[in-house]
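Structure first, then comments.
Not measured: the values here are computed from a predicted model.
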Amino acid sequence: TWKKVNGSELTFTGNWTEDANPDFHEGDAHYSNDPEAAAEFTFTGTAFRWYGQNELNFKYGKIYVDDKYVAISNAYGTPAVGQMIVEVTGLEHKAHTVKIYPYGPQEDANNTIDIDYIEYSADAANASIAATSILAAEEYADLSELTIKADKAKVLAVFAKNGDKFVAKDITYTVADSSVASVNEVTDGLSIKALKAGETTLTLNVGNVKKVVTIKVNDGSLPQKRME
């Protein structure tokens with residue numbers, strides 16, 4: 001059984017625009033492309049779904065549960081209302097706080113997200129849903145290789161998934177050669193700091209699922225021009 005959290009029950013902070021349309025669930029929705037804008041709600045349960053619009057100028061949203069970055073959405077597509085933008089499952093049955101942000105940057109109008117309504121479930125079976133894959137991404141695209149210049153850092157977002165669903169399970173990690181790159185947990189994933197030129201691997205694990213990302217570090221120098 002899924003219960004709806006209507007737009008009027010969400011807390012919107014920052015720069016959101018209210019959009020009226022009789023095809024929306026309650027006749028209105030909210031949209032924003034400001035990465036500082038947030039939509040927040042609380043619920044007690046094991047899974048939730050976010051519904052809104054797909055549009056050709058809509059794109060990524062960042063979803064946090066209890067301050068943990070658990071999912072990224074992509075609303076780019078043929079214009080349509082009432083679409084399920086993302087589903088997050090695998091949560092422990094207890095009270096949770098969810099925050100949704102546009103990915104940004106605000107200067108890019110194509111990074112807009114829209115929130116019509118949320119629905120959630122308290123079905124205990126959701127809590128035991130296992131991950132079947134790991135998504136490792138700088139934005140949305142899944143990566144198997146990451147190149148970094150020496151002395152620079154990149155943040156790699158890592159998510160557990162089961163098909164199209166995001167599964168709110170902890171992902172553990174190990175780096176094969178810590179002299180090439182160091183890895184630390186940050187709010188938006190794993191911060192990978194390049195230490196010296198070379199190559200190593202980052203191994204991600206959740207349950208029985210493993211993903212290996214190759215980390216290549218170059219020294220940042222330009223290739224030498226050949227003299228004719």
Side chains of [X] and [Y], heavy atoms from C-beta outward: is any pair under 4.5 Å?
X	Y	value
Asp67	Lys99	yes
Lys59	Thr112	no
Thr13	Glu40	no
Val206	Leu204	no
Glu185	Leu190	yes
Trp50	Ile113	yes
Asn15	Glu36	no
Asp177	Val175	no

May I ask you to check whether [Y] and [X] place their ring centres under 6.0 Å from each other?
X	Y	answer
Tyr120	Phe41	no
Tyr117	Phe24	no
Tyr51	His25	no
Tyr76	Tyr60	no

Enter the distance from [X]:[atom1] to [Y]:[atom2] here, rounded to the nearest 0.5 Å.
X	Y	atom1	atom2	result
Ile118	Arg49	CD1	CZ	12.0 Å
Asn205	Thr174	CG	OG1	6.5 Å
Asp116	Lys4	CG	NZ	10.0 Å

Please report the shortest heavy-atom distance between [X] and [Y], naming the atom on each side.
X	Y	answer
Pro79	Leu56	CD-CG, 4.2 Å
Leu10	Ala39	CD2-CB, 4.3 Å
Ala181	Ile192	CB-CG2, 4.1 Å
Ala153	Ile148	N-CG2, 4.3 Å
Tyr101	Ala37	CD2-O, 3.1 Å

Hey, quick one: are [X] and [Y] part of the same hydrophobic cluster, counting side-chain heavy atoms closer than 4.5 Å, chains of contacts allowed?
X	Y	answer
Val183	Val213	yes
Leu135	Leu156	no
Val65	Val86	yes
Ile72	Phe48	yes
Val167	Ile85	no

Under the 3.5 angstrom rule, does the side chain of [X] hit a backbone N or O of [Y] as a donor-acceptor pair?
X	Y	result
Gln83	Ala80	no
Asp28	Asp19	no
Lys62	Ile100	no

Option from Thr89, Thr46, Asn126 for which side-chain hydrogen bond (donor to acceptor under 3.5 Å, both in side chains) with Ser121 holds: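 With Ser121 as partner, Thr89, Thr46, Asn126 yield a single side-chain hydrogen bond (donor to acceptor under 3.5 Å, both in side chains), made by Asn126.
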Exactly one of Thr97, Asp188, Thr187 should register a side-chain hydrogen bond (donor to acceptor under 3.5 Å, both in side chains) with Tyr64. Which one does? Asp188
Mutual orientation of the aromatic rings belonging to Phe159 and Phe166 [parallel < 30°, tilted 30-60°, perpendicular > 60°]: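 Perpendicular.
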Does a side-chain N-to-carboxylate-O contact under 4.0 Å join [X] and [Y]?
X	Y	answer
Lys68	Asp170	yes
Lys216	Glu145	yes
Asp142	Lys211	yes

